[in-house]
S.K.: 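Quick one: this structure, given as structure tokens, is what I'll be asking you about.
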Amino acid sequence: MDKKRIWEGFRPYVLIAPAMAGIFLFVMYPVGYLIYLSLFKYNLLNKDKSRFVGLDNFTQILGRGDFYKALWNTTIYTAGVVVLTMLLSLLFAVWLNKKGRFNSIVQAGIFTPHVVSIVSISLVWLWLMEPNQGLLNYVLKLVGLPPSDWLQSSKTALMSIIIVSVWQAIGYYTLIIVAALQSISPSIYEAAALDNASKFKVFYKITLPMISPQLFFILIIMTIGSFKVFDTVQVMTGGGPNNATTTLVYYIYGFRTTNIGYASATGVLLMAVIGLLTFVYFRLLAKKVHYQ
Amino acid sequence: MKSKWFTLLSIMVLFSLLAACGSGGTANTGNTGSAGESPGNGTAEAPSGGEGVTTVQFWHSLGGKNGEYMDALIQRFNESHEDIEVVGTFQGSYDETVTKLQQAIASGTGPDVSMLERAYVQMFADAEVLEDLAPYLEQSGISADDFTPGLMGHSYFNDKLVSLPLNRSTPILHVNKTLLDELGLSVPTTWEEMKEVANALVVKEGNEFKRYGVSMPYDTWYPIAMISQAGGSFFNEDNTSIGFADNGAGEKVFSYLKDLQSTGALYYPPAQDSGNIVNSMFVEGKVGMIFQSTGSIGGLASTVDFDYVTAFLPKDEVYANPTGGANVTMLSSSKNKDAAWEFIRWMEMEEEGGLEFILQSGYLPFTKQMVESEQMQELWAKEPNRKVAYDQLEFAVDTNKDVAWPEIMHEFFSAIEAIMYDSKDIPSTLDTFKKETERILAQ
């Protein structure tokens with residue numbers, strides 16, 4: 001009997017042990033090592049030449065203009081992508097909510113970019129946005145608008161990257177929102193119709209609160225994802241022109257061969273920023289989310 | 001049910017449409033030489049086991065055609081050496097090779113011999129992972145003077161001979177002679193002439209430039225060349241700061257470039273894929289002259305349909321040009337140093353080793369013996385463009401040698417972008433760059 005009780009006490013831990021081992025090995029340990037590296041002027045090739053520098057890397061980062069530039073770019077990028085994607089996919093979802101053959105085609109169409117590798121997408125847009133021979137400028141000229149330099153001017157480069165990311169992301173999030181919309185019980189809408197509620201009010205008072213858990217999920221996932229953006233930048237601009245599109249992760253990547261300690265310290269800061277954001281979201285928005 | 005199938009079908013149709021669009025690669029050529037075109041040249045040969053055969057691992061960065069030439073070289077070596085088997089592995093571009101070397105050396109799985117882009121040699125040497133080759137040279141009766149002097153700039157570190165030149169190149173001026181002749185212009189030899197010729201080549205229709213004068217890939221190489229031409233040096237003599245801010249050379253170079261850019265005489269390409277952009281503009285006649293690596297001579301000569309010549313980079317106060325490409329190094333961690341040295345020696349000195357590779361690929365000959373060889377002289381008689389590249393080595397000077405160069409290069413790119421793309425104030429940008437450099441060098 002006693003044996004059984006001991007086993008019952010242990011059982012849950014034994015059951016989660018494999019998962020925990022994985023998390024420890026692939027999450028906790030690397031994070032710990034990242035923090036360890038961030039305190040060194042680390043020489044990858046020859047450990048004996050590494051120097052412990054304490055918090056020097058951090059003071060250096062916080063004293064450098066290009067770090068703030070990268071942080072600022074990342075913030076603008078995240079804000080742009082999150083807001084635009086949320087608005088547009090909500091709009092598309094409300095539109096596509098009604099069944100119909102045409103709607104199926106559109107839905108399939110806007111979902112397609114999500115299936116394609118982001119690297120291919122970036123390359124295709126790289127052509128489209130080419131200032132002299134690209135399709136976008138050709139169309140702009142055709143309708144009598146002034147052409148843009150797109151990726152080649154520091155004024156428009158970040159905007160161009162945002163456009164590509166939004167274009168790629170919309171389909172996936174539309175799909176999630178459509179699913180959410182369809183799970184709302186029609187009886188609620190019927191009740192509202194009986195009360196002669198206006199369309200806007202129905203949307204604002206019923207639809208939005210009912211899909212708020214999904215919207216909240218999208219908000220968190222997209223904020224974190226956007227803060228870690230890398231592939232589009234790497235393929236399309238390489239962080240340029242003049243650091244106009246250097247995001248935090250790309251900034252870290254830039255130091256991969258020359259100063260791994262400095263790169264690690266920036267990684268620690270990135271982790272802190274994302275952690276803080278997620279925390280704030282949960283505190284501020286958790287009350288507004290309506291779970292059924 | 002029907003609508004579900006319809007959705008699936010439309011997804012498939014759209015998907016196949018997108019797939020048909022395809023995608024090109026982004027080989028960043030025009031850099032310091034040309035490396036990494038097509039992967040898939042993985043391991044050249046599988047090691048064939050056997051009694052008393054020593055295996056030497058060799059990592060290189062040559063893809064595409066040059067990769068094939070390198071594989072052929074390795075095969076020639078293996079056929080002539082029964083007791084040594086060299087296994088060549090293509091590791092991607094120069095930068096990728098460096099990243100992989102760093103990881104491999106740290107985990108004790110590095111190769112015996114590796115190709116190393118010359119600007120990284122100092123960084124590796126400082127970490128004490130490169131073998132001093134001087135004793136081996138002596139043992140084989142080779143003198144350091146046997147090599148082309150202009151290419152030995154990155155070979156020494158603290159009086160140790162840590163690398164030998166292999167696939168080396170320099171920037172050079174490529175000229176569309178047909179275009180110049182049509183306009184009655186001659187190939188420029190000074191900055192002043194360059195300015196006149198480049199401006200004369202410009203064709204403008206409305207607000208659009210149909211033809212530019214001169215262009216160069218986005219790289220630190222060309223500004224560095226011009227800094228030396230204007231009498232500056234990249235680092236100052238004791239490597240504590242840059243050597244082109246206070247003497248005005250940097251300002252002179254960049255205001256010259258901005259001046260040309262403002263009239264369309266200079267086309268400064270976007271950073272991504274700039275080497276290919278510049279090359280194709282030159283081939284299509286959209287630009288009359290380009291600064292580009294000597295490694296492009298072969299490719300350009302076979303594609304252009306006009307009279308194509310090469311010339312020295314124009315001089316300001318002096319003729320000057322940096323060098324590029326990669327060296328070969330032996331790693332201290334190697335367990336088969338004698339076999340590794342035999343491979344390096346054979347590749348550097350033997351006729352069927354390096355010479356054949358150089359003849360095929362178009363890289364610069366790196367030993368005096370090679371230069372004097374009949375085959376090289378014959379080739380030069382046939383293709384004078386290649387001889388110009390070698391002759392220019394007389395003025396080769398590398399002033400960006402420091403352990404911290406890779407890190408400083410990063411900052412220099414920022415300065416170039418600020419000036420060339422955003423027309424930021426030149427003196428203040430150079431001043432910021434100078435401060436960053438001094439901070440990094442002081443570490």
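Numbered from 1 within each chain, the chains take letters A, B, ... in sequence-line order.
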S.K.: Given a strict heavy-atom distance threshold of 4.5 Å, which part of A:Thr237 is in contact with chain B: side chain, backbone, both, or neither?
M.R.: backbone

S.K.: Where is the tightest heavy-atom contact between A:Asn259 and B:Glu407, given as atom of each residue plus distance?
M.R.: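 The pair with the smallest heavy-atom distance is ND2-OE2, 3.4 Å.
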
S.K.: Quick one: CG on A:Asn242 to CD on B:Glu417, what's the gap to the nearest 0.5 Å?
M.R.: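 With rounding to 0.5 Å, CG (A:Asn242) is 6.0 Å from CD (B:Glu417).
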
S.K.: Tell me whether A:Tyr68 at atom OH has more than 12 heavy atoms from other residues, nucleotides or ligands lying less than 6.0 Å away.
M.R.: yes

S.K.: Quick one: pull up CG in B:Leu101 and CG in A:Leu44 and give me the separation to the nearest 0.5 Å.
M.R.: 11.5 Å

S.K.: Taking every non-hydrogen pair under 4.5 Å, which of B:Asp126, B:Thr432, B:Ile416 racks up the most with chain A?
M.R.: B:Asp126

S.K.: Distance check, rounded to the nearest 0.5 Å: A:Ser153 atom OG versus B:Tyr421 atom OH?
M.R.: 11.5 Å

S.K.: Which atoms of A:Lys41 come close to chain B, meaning under 4.5 Å heavy atom to heavy atom: side chain ones, backbone ones, both, or neither?
M.R.: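 It is the side chain, since no backbone atom gets that close.
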
S.K.: Is atom NZ of A:Lys228 surrounded by more than 12 heavy atoms (other residues, nucleotides or ligands) closer than 6.0 Å?
M.R.: no

S.K.: How far apart are the C-alpha atoms of A:Lys49 and B:Glu128, what are their side-chain angles, what is the distance that settles it, and do they pass the side chain to side chain contact (heavy atoms under 4.5 Å, CB included) test?
M.R.: CA-CA 9 Å; A:Lys49 293 213 152 200; B:Glu128 294 167 5; 3.6 Å; yes

S.K.: For each of A:Lys155, A:Lys47, A:Met236, tally heavy-atom pairs with chain B at distances under 4.5 Å, and name the one with the top tally.
M.R.: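 Top option by heavy-atom pairs under 4.5 Å: A:Met236.
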
S.K.: How many angstroms lie between atom CD of A:Gln60 and atom CD1 of B:Ile440, to the nearest 0.5 angstrom?
M.R.: 8.0 Å

S.K.: Do other residues, nucleotides or ligands put more than 12 heavy atoms under 6.0 Å from the CZ atom of A:Phe255?
M.R.: yes

S.K.: Apply salt bridge (charged side-chain N to carboxylate O under 4.0 Å, His left out) to the pair A:Arg64 and B:Glu411, showing each step before the final yes or no.
M.R.: CA-CA 12 Å; A:Arg64 275 179 68 159; B:Glu411 308 290 337; 2.8 Å; yes

S.K.: Tell me, for A:Asn243 versus chain B, whether the close heavy atoms (under 4.5 Å) come from the side chain, the backbone, both or neither.
M.R.: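 For A:Asn243, heavy atoms of backbone and side chain both lie under 4.5 Å from chain B.
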
S.K.: Above 12 or not: heavy atoms from other molecules or residues under 6.0 Å from NZ of B:Lys258?
M.R.: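 Counting other residues, nucleotides and ligands, NZ of B:Lys258 exceeds 12 neighbours.
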
S.K.: With a 4.5 angstrom heavy-atom cut-off, which part of A:Glu130 approaches chain B: side chain, backbone, both or neither?
M.R.: neither

S.K.: Checking B:Glu436 against chain A: side chain, backbone, both or neither under 4.5 Å from a heavy atom?
M.R.: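 Side chain only.
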
S.K.: With a cut-off of 6.0 Å (strictly less than), are more than 12 heavy atoms of other residues, nucleotides or ligands near CZ of A:Phe230?
M.R.: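 Yes, CZ of A:Phe230 has more than 12 neighbouring heavy atoms, counting only those of other groups under 6.0 Å.
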
S.K.: Could you check which of B:Gln103, B:Met409, B:Arg439 has the highest count of heavy-atom pairs closer than 4.5 Å to chain A?
M.R.: B:Arg439

S.K.: Please rank A:Asp66, A:Leu45, A:Asn43 by heavy-atom pairs under 4.5 Å with chain B and give me the top one.
M.R.: A:Leu45

S.K.: Return the minimal non-hydrogen interatomic distance between B:Pro270 and A:Gln152, and the atom names on each side.
M.R.: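 Nearest heavy atoms, B:Pro270 then A:Gln152: CG-NE2, 3.3 Å.
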
S.K.: Give, as side chain, backbone, both or neither, the part of B:Phe413 having an atom under 4.5 angstrom from any heavy atom of chain A.
M.R.: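 Neither the backbone nor the side chain of B:Phe413 comes within 4.5 Å of chain A.
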
S.K.: Above 12 or not: heavy atoms from other molecules or residues under 6.0 Å from CZ of A:Phe52?
M.R.: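 Yes, the 6.0 Å shell around CZ holds more than 12 heavy atoms from other groups.
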
